[in-house]
2 protein chains.
Amino acid sequence: MTTTARKSPGSTRERILDSALRLFNAQGERNVTTNHIAEDLGISPGNLYYHFRNKADIVSELFNHYEALVSGFLQVPEDRVLTWQDKMGYLESILDSMWGARFFHRDLSHLLNQDEDLRLRYNAFVQRTLEQGLRVYEGLRSAGLLEATDEELRALMVNTWVITASWTGFVHGLVPPEKQQESLDHTLLRQGIYQLVCLEAPYLRGDAASHLAEIKQRYSAGDTLSVLFSAATPKSA
Amino acid sequence: MTTTARKSPGSTRERILDSALRLFNAQGERNVTTNHIAEDLGISPGNLYYHFRNKADIVSELFNHYEALVSGFLQVPEDRVLTWQDKMGYLESILDSMWGARFFHRDLSHLLNQDEDLRLRYNAFVQRTLEQGLRVYEGLRSAGLLEATDEELRALMVNTWVITASWTGFVHGLVPPEKQQESLDHTLLRQGIYQLVCLEAPYLRGDAASHLAEIKQRYSAGDTLSVLFSAATPKSA
DNA sequence: ATTATCTATAGATCTATAGATAATGC
DNA sequence: ATTATCTATAGATCTATAGATAATGC
């Protein structure tokens with residue numbers, strides 16, 4: 001039974017989840033079978049099935065972790081006004097969470113097709129995230145850090161979400177798995193933040209606007225993506 | 001023997017590709033086996049393997065179609081200046097192509113991991129598309145329809161690409177497969193164009209800017225996505 | 001007594017090939 | 001002769017369970 005009651009942190013159930021997450025992220029959910037997970041942990045397949053009904057059950061539980069993480073970050077503080085540092089914190093935290101569960105968005109469509117209940121929870125999650133994100137943007141607007149109509153804000157929020165959720169997949173499409181070392185990954189993750197900052201840039205005002213150049217600079221450090229544009233665009237004329 | 005030489009249009013080889021594309025898009029590549037394709041066509045599995053080495057070979061050939069389609073659209077006319085209608089034409093054509101091969105981006109990471117050669121061709125494709133897209137944006141800038149620095153243009157181009165390539169996946173995550181009728185699909189595809197227009201909006205000038213409201217109106221007709229924001233955001237105060 | 005684990009395996013697929021047969025083009 | 005197709009199947013997995021055994025908590 002997939003109760004939410006957790007045993008001691010090093011319990012077999014927890015270890016299965018840890019191992020599954022690691023293998024899923026590294027090799028893709030599709031390429032990791034229940035046998036692989038059991039073998040990775042040095043337990044029997046039977047034991048794994050004692051703790052989880054099936055693979056979808058493991059995925060479902062991993063989604064719960066990820067969902068709680070993201071929802072937890074996207075809170076607007078009630079006791080003070082938002083700053084542009086807050087805004088950067090949101091971007092970093094969420095992209096980090098995405099990266100930690102990148103297997104999920106990579107195989108999203110199959111995972112949702114396979115488990116109707118997960119699809120419902122995922123839809124609710126997207127809706128909630130978009131709403132919480134919109135609150136954040138509205139908070140930034142109230143703080144004078146952003147200027148946009150309600151309509152513009154909603155479109156911006158959807159675009160922010162789509163890019164955030166797709167960024168790890170985009171990176172995986174470009175970098176072959178054997179080259180996905182931790183360092184490179186981190187650089188590309190920062191490029192994702194750069195892209196999100198550029199997305200917001202036209203609407204930024206006040207402090208957020210005056211720090212724009214500095215922030216862009218900070219997150220484009222690696223300049224890894226510029227490879228994509230080959231030699232066509234001279235850096236400075 | 002994956003030669004590019006094609007037999008008569010209704011040849012078995014072509015029929016296999018058609019059937020595979022249709023089934024892949026409808027059910028996901030992962031859920032469609034070579035046996036399913038053969039059965040769908042009423043031919044034997046053996047026959048299918050006579051025409052294609054394996055499933056990856058079929059996918060590879062489908063990618064060729066898709067790639068040629070997209071690359072063909074993204075040409076800047078040399079004999080005249082770009083108009084904002086051209087720009088909308090690009091968006092429509094490319095999202096249409098994406099939709100036609102939506103299975104591809106849905107299972108992208110697995111397909112690329114499975115076929116090293118496909119990964120290389122895909123990377124070249126992305127690079128070429130970003131460059132051609134950049135040419136288009138530069139053309140719009142020369143025509144006075146868009147104002148942005150080179151740096152802004154490159155970031156815009158990457159964001160445009162990520163959203164374009166991810167949009168169908170985003171839609172699939174929200175709409176359960178049994179509800180994905182042709183009509184709904186088309187509405188959501190138009191919402192994708194709306195999102196792309198909003199992405200470009202801050203940089204538009206001249207005719208492109210003055211037609212902005214009209215264009216937004218045209219593509220948000222269904223207002224399907226607004227469901228995501230529940231009742232939180234009043235349409236007009 | 002209950003919880004955790006293992007061994008062994010049935011059943012379900014899927015892939016891809018070998019070998020036979022039919023259809024077609026000279 | 002060559003091209004296209006079919007039948008039948010070996011081999012490779014993977015899932016998920018049954019049934020036995022070990023460990024643990026009272």
Side-chain angles (χ1 to χ4, degrees), chain A residues 1-20 23-24 26-62 103 107 110-111 113-118, chain B residues 1-24 26-62 103 107 110-111 113-118:
Chain A
M1 312 312 134
T2 319
T3 39
T4 39
R6 284 288 159 58
K7 302 306 162 53
S8 54
S11 72
T12 303
R13 185 183 162 84
E14 285 301 322
R15 288 171 58 227
I16 291 172
L17 289 173
D18 290 349
S19 172
L23 294 175
F24 286 169
Q27 300 164 34
E29 177 268 343
R30 183 173 183 171
N31 300 316
V32 177
T33 71
T34 49
N35 279 355
H36 290 137
I37 300 170
E39 192 189 18
D40 180 65
L41 286 170
I43 68 173
S44 67
N47 192 4
L48 185 146
Y49 277 91
Y50 173 76
H51 291 282
F52 292 93
R53 198 157 22 94
N54 50 34
K55 200 165 88 166
D57 196 18
I58 298 178
V59 170
S60 166
E61 194 63 24
L62 289 175
F103 84 91
D107 273 311
H110 180 260
L111 297 175
N113 273 5
Q114 183 188 241
D115 182 343
E116 190 54 34
D117 179 63
L118 183 63
Chain B
M1 307 291 132
T2 319
T3 37
T4 39
R6 284 289 160 57
K7 303 304 162 54
S8 55
S11 72
T12 303
R13 186 182 162 84
E14 285 300 321
R15 287 171 60 227
I16 291 172
L17 289 172
D18 289 350
S19 171
L21 178 61
R22 191 164 40 77
L23 294 176
F24 286 168
Q27 299 166 33
E29 176 270 343
R30 185 174 182 170
N31 299 316
V32 177
T33 71
T34 48
N35 279 355
H36 290 136
I37 300 171
E39 193 189 16
D40 180 65
L41 286 169
I43 67 173
S44 68
N47 192 5
L48 186 147
Y49 278 91
Y50 173 77
H51 291 283
F52 293 92
R53 196 156 24 94
N54 50 34
K55 201 166 87 167
D57 196 20
I58 298 178
V59 169
S60 165
E61 193 64 23
L62 289 175
F103 84 92
D107 274 310
H110 180 261
L111 298 175
N113 273 5
Q114 185 188 241
D115 183 343
E116 191 54 33
D117 180 63
L118 182 63

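Just so we're on the same page: letters track the sequence lines, and every chain starts at 1.
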> Just by protein heavy atoms under 4.0 Å, how would nucleotides 21-26 of chain C read 5' to 3' in B, S and -?
Replying inline: ------
> Which parts of nucleotides 8-20 of chain C does protein reach within less than 4.0 Å, heavy atoms only, written one letter per nucleotide 5' to 3' as B for base, S for sugar-phosphate only and - for none?
Replying inline: ------SBBB---
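If you measure from atom CG of B/L48 to atom P of D/dT3, you get 19 Å, rounded to the nearest angstrom. If you measure from atom CD1 of B/I16 to atom C1' of D/dT5, you get 11 Å, rounded to the nearest angstrom. Rounded to whole angstrom, the span from the CZ atom of B/R15 across to the P atom of D/dA4 amounts to 14 Å.
Closest approach of B/T34 and B/K55 over heavy atoms only: CG2-CB, 4.1 Å. In this structure, B/N54 and B/Y49 approach most closely via the heavy-atom pair CA-CE2, 4.0 Å. Scanning both residues, B/I43 and B/L48, for their nearest heavy atoms gives CD1-N, 4.1 Å. Summarising the geometry of B/E29 relative to B/D107, their closest heavy-atom pair is N-OD2, 3.6 Å, with the distance given to 0.1 Å. Residue B/A56 comes nearest to B/D115 through the heavy atom pair O-OD2, 4.3 Å, listed as atom of the first residue, atom of the second, then distance. Smallest separation of non-hydrogen atoms from B/L111 and B/F103: CD1-CE1, 4.1 Å.
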>> For DNA chain D, please output the secondary structure as dot-bracket, reading 5' to 3'. Pairs are Watson-Crick or G-U wobble, both atom distances under 3.5 Å; mark crossing pairs with [ ], other-strand partners with |, unpaired with a dot.
In response: ||||||||||||||||||||||||..
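An OP1 or OP2 oxygen of C/dT3 is reached within less than 4.0 angstrom by no side-chain nitrogen or oxygen of A/H51. Taking 4.0 angstrom as the limit, A/N47 places a side-chain polar atom (N or O) nearer than this to OP1 or OP2 of C/dC6.
Taken to the nearest 0.5 Å, the CD atom of A/E14 stands 8.0 Å off from the CD atom of A/E61.
Residues B/R30 and B/H110 are not in side-chain contact: their nearest non-hydrogen atoms beyond the backbone lie 4.5 Å or more apart. Taking 4.5 Å as the limit, some side-chain heavy atom of B/H36 sits within range of a side-chain heavy atom of B/T33. Residues B/D40 and B/V32 fail the side-chain proximity criterion, which asks for heavy atoms closer than 4.5 Å.
Heavy atoms from other residues, nucleotides or ligands lying under 6.0 Å from CD of B/E39 number 12 at most.
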